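Everything on this sheet refers to the single structure shown next.
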Number of protein chains: 2
Amino acid sequence: MAKKNLESGIMTAAEKLFIEKGFEATSTTDITKMVGCNQALVNYYFRTKEKLFQQIFSQKLDHILSFMTLESNQNISLFDFIPQFINAYFEELSNNRKLPFIIINELVINKERRKFIREEIILKEQFQNYYSTLTRLVKAEIEKGTIRNIDTSDLLLHIISLTVFTFISLPLYEDFFLKDEVAVRNYVAARKEEIITLIINGIRVN
Amino acid sequence: MAKKNLESGIMTAAEKLFIEKGFEATSTTDITKMVGCNQALVNYYFRTKEKLFQQIFSQKLDHILSFMTLESNQNISLFDFIPQFINAYFEELSNNRKLPFIIINELVINKERRKFIREEIILKEQFQNYYSTLTRLVKAEIEKGTIRNIDTSDLLLHIISLTVFTFISLPLYEDFFLKDEVAVRNYVAARKEEIITLIINGIRVN
DNA sequence: GCTGTTTTTAATAGACCTATTAAATAATTC
DNA sequence: GAATTATTTAATAGGTCTATTAAAAACAGC
């Protein structure tokens, strides 16, 4: 039962290639070439290339969800919650810089696969709890008069937009003026702080 | 010389399909089937599928650039400039809802094609002028003490992130609770106003 | 209406891709 | 250690894709 060896080897290679080049541009031959085994093993272990893809992205989405949960059930102020969440989100994407591309490309564009985001994230209890927590915090601050009237969905979308787009645009920035890994990290860190500032200032009533 | 007929017909169909399904997933057979002509005509007029793609996206980028120029050489306050730009940008993307996808997918991800964004936008005089104008307006307000210290590049990236991501996430919102075209338009309009508010508040010093 | 050029077509080469099959090898069980 | 099961391979069917070629059709000028 050396099974797990090649099965997980194929998953690892496939994950790398799918994220790097997308679903269409990655062939099962590419994947098995990277593993160093026969192409037929993809079908042996995963039945089809599509099922392999879905298995990998169920996992990925699960991981994203789990990191959201971490932040949700704490009893803190909105003004601590937002930076904490953005920090965690940046941390996550820093370690998976190309994840936004694949999620947008394969999971948002593709109508069939969009249900994955629905089922694996939005409808999950963890996310619903997270969203409720955020709503509660927002409402509290609005009532206190510390922030302007704003929907939870708008606030969340602001955070996601600004965070995700940092990594979407990163390849362009790298081409232009981020010459090494240190420069990239500094840029991302600075961007994170700027985003936190924008959002806090952008909702706060002075 | 019925030439322009099929040549532009192919371009129109190709543009529609490339934006709808991406480069890889669109075959020259698909394109010519839509036009109703022979597949070989793609190669007759454009030599290769890649060249056809590049020709279409040179045009698209040119169009994006031209709409930026429109906004740049006016002598207005930053607080008018930002809403004006965001309005124009939203208008543009409302009429090309899937444009962000294709730009991210084919032009940002693909290292070879990234030079197109560089050459057709960023290095162009029009963009540089636009950027200078924005920088001048930002500096003026910082010196007046009306906005906090912020880089032009950060401000521009905020605007682009929030605007583009509205349309990136739109398919998901449509699946969930935007049941018809009217709902979509209302949502996008509300989102635009919220983004303008966030950015203005987010940079303003009170 | 004939001649030369341009446009369009049909046919196909050559490459690659996924999934299937049958056979070979490795591992496990009794 | 023979039988059974699980894993891996080689070979290939059947599909699709891009680009090329040669021939047919449409069009131009004279």
Side-chain angles (χ1 to χ4, degrees), chain A residues 1-59 101-102 105-107 109-113 116, chain B residues 1-59 101-102 105-107 109-113 116:
Chain A
M1 215 177 278
K3 183 176 171 178
K4 286 292 158 202
N5 223 339
L6 281 172
E7 182 171 1
S8 66
I10 289 170
M11 284 194 79
T12 308
E15 179 178 331
K16 192 168 287 181
L17 289 171
F18 280 148
I19 290 181
E20 193 72 31
K21 317 201 301 173
F23 180 77
E24 299 273 357
T26 300
S27 72
T28 55
T29 314
D30 290 341
I31 295 167
T32 50
K33 203 173 281 170
M34 179 175 263
V35 180
C37 69
N38 193 278
Q39 178 268 331
L41 281 188
V42 166
N43 302 92
Y44 176 73
Y45 282 119
F46 303 95
R47 203 83 201 85
T48 66
K49 181 187 168 189
E50 174 71 26
K51 281 190 175 23
L52 169 59
F53 180 85
Q54 293 185 359
Q55 199 161 316
I56 287 168
F57 281 87
S58 281
Q59 269 185 211
F101 289 111
I102 196 81
N105 264 318
E106 310 295 351
L107 299 182
I109 278 187
N110 189 306
K111 201 170 167 53
E112 299 299 311
R113 298 211 195 101
F116 272 75
Chain B
M1 215 177 279
K3 183 175 173 178
K4 285 293 157 199
N5 224 338
L6 280 173
E7 183 171 359
S8 68
I10 289 170
M11 284 193 77
T12 306
E15 178 177 330
K16 190 168 285 181
L17 290 171
F18 280 148
I19 290 181
E20 193 72 29
K21 319 202 298 172
F23 181 79
E24 300 273 358
T26 300
S27 71
T28 54
T29 313
D30 290 342
I31 295 167
T32 50
K33 203 173 283 171
M34 179 176 263
V35 180
C37 69
N38 194 277
Q39 177 269 332
L41 281 189
V42 166
N43 301 91
Y44 176 72
Y45 283 119
F46 304 96
R47 203 84 201 85
T48 67
K49 181 187 169 190
E50 174 72 25
K51 281 190 176 22
L52 169 60
F53 180 86
Q54 293 185 358
Q55 199 161 316
I56 288 167
F57 281 88
S58 281
Q59 270 186 209
F101 289 111
I102 196 80
N105 264 318
E106 308 296 350
L107 298 182
I109 279 187
N110 188 307
K111 202 171 167 51
E112 300 300 311
R113 298 210 195 102
F116 272 76

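Please read all numbers here as calculations on a predicted model, not as lab measurements. Throughout, a chain's letter reflects where its sequence line sits, starting with A, and its residues are numbered from 1.
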Taking only side-chain N and O atoms of [X], does any of them lie within less than 4.0 angstrom of OP1 or OP2 on [N]?
X: T28(B); N: dT18(D); answer: yes
X: S27(B); N: dC17(D); answer: yes
X: R47(A); N: dT20(C); answer: yes

Rounded to the nearest Å, what distance is computed from the [atom1] atom of residue [X] to the [atom2] atom of nucleotide [N]?
X: D30(B); N: dT18(D); atom1: CG; atom2: C1'; answer: 13 Å
X: K49(B); N: dC17(D); atom1: NZ; atom2: P; answer: 9 Å
X: Y44(B); N: dA26(D); atom1: OH; atom2: P; answer: 15 Å
X: F46(B); N: dT18(D); atom1: CZ; atom2: P; answer: 15 Å
X: E50(A); N: dC17(C); atom1: CD; atom2: C1'; answer: 15 Å
X: L41(A); N: dT20(C); atom1: CG; atom2: P; answer: 14 Å
X: N43(A); N: dT8(D); atom1: CG; atom2: C1'; answer: 13 Å
X: L6(A); N: dT9(D); atom1: CG; atom2: C1'; answer: 12 Å

Strictly under 3.5 Å: I want the nitrogen or oxygen pairs between protein and nucleotides 10-13 of chain D, one per line.
{"from": "dA10(D)", "atom 1": "N7", "to": "N38(A)", "atom 2": "ND2", "distance (Å)": "3.3"}

ask   = Any sub-3.5 Å donor-acceptor pair from K16(B)'s side-chain atoms to M34(B)'s backbone N or O?
value = no

key: N110(B) side chain vs R113(B) backbone, donor-acceptor pair below 3.5 Å   = yes

With a 4.5 Å limit on heavy-atom distance, are the side chains of [X] and [Y] in contact?
X: E50(B); Y: Q54(B); result: yes
X: V35(B); Y: L41(B); result: no
X: T48(A); Y: K51(A); result: yes

message = Under 4.0 Å, heavy atom to any atom of DNA chain C: which of residues 16-24 of chain B qualify?
response = none

key: Ring geometry between F57(B) and F18(B) (parallel below 30°, tilted from 30 to 60°, perpendicular above 60°)   = tilted

query = What nucleic acid atoms does T26(B) come within less than 4.0 Å of, heavy atoms only: base, sugar-phosphate, or nothing?
reply = sugar-phosphate

ask   = Is NZ or CZ of K21(B) both nearer than 6.0 Å to the six-membered ring centre of F101(B) and within 45° of the ring axis?
value = no

query = With F116(A), which residues qualify under ring-ring contact (aromatic ring centres under 6.0 Å, His included), at least two apart?
reply = none

key: Test log, rule side chain to side chain contact (heavy atoms under 4.5 Å, CB included), inputs L107(B) and F53(B)   = CA-CA 11 Å; L107(B) 298 182; F53(B) 180 86; 4.1 Å; yes

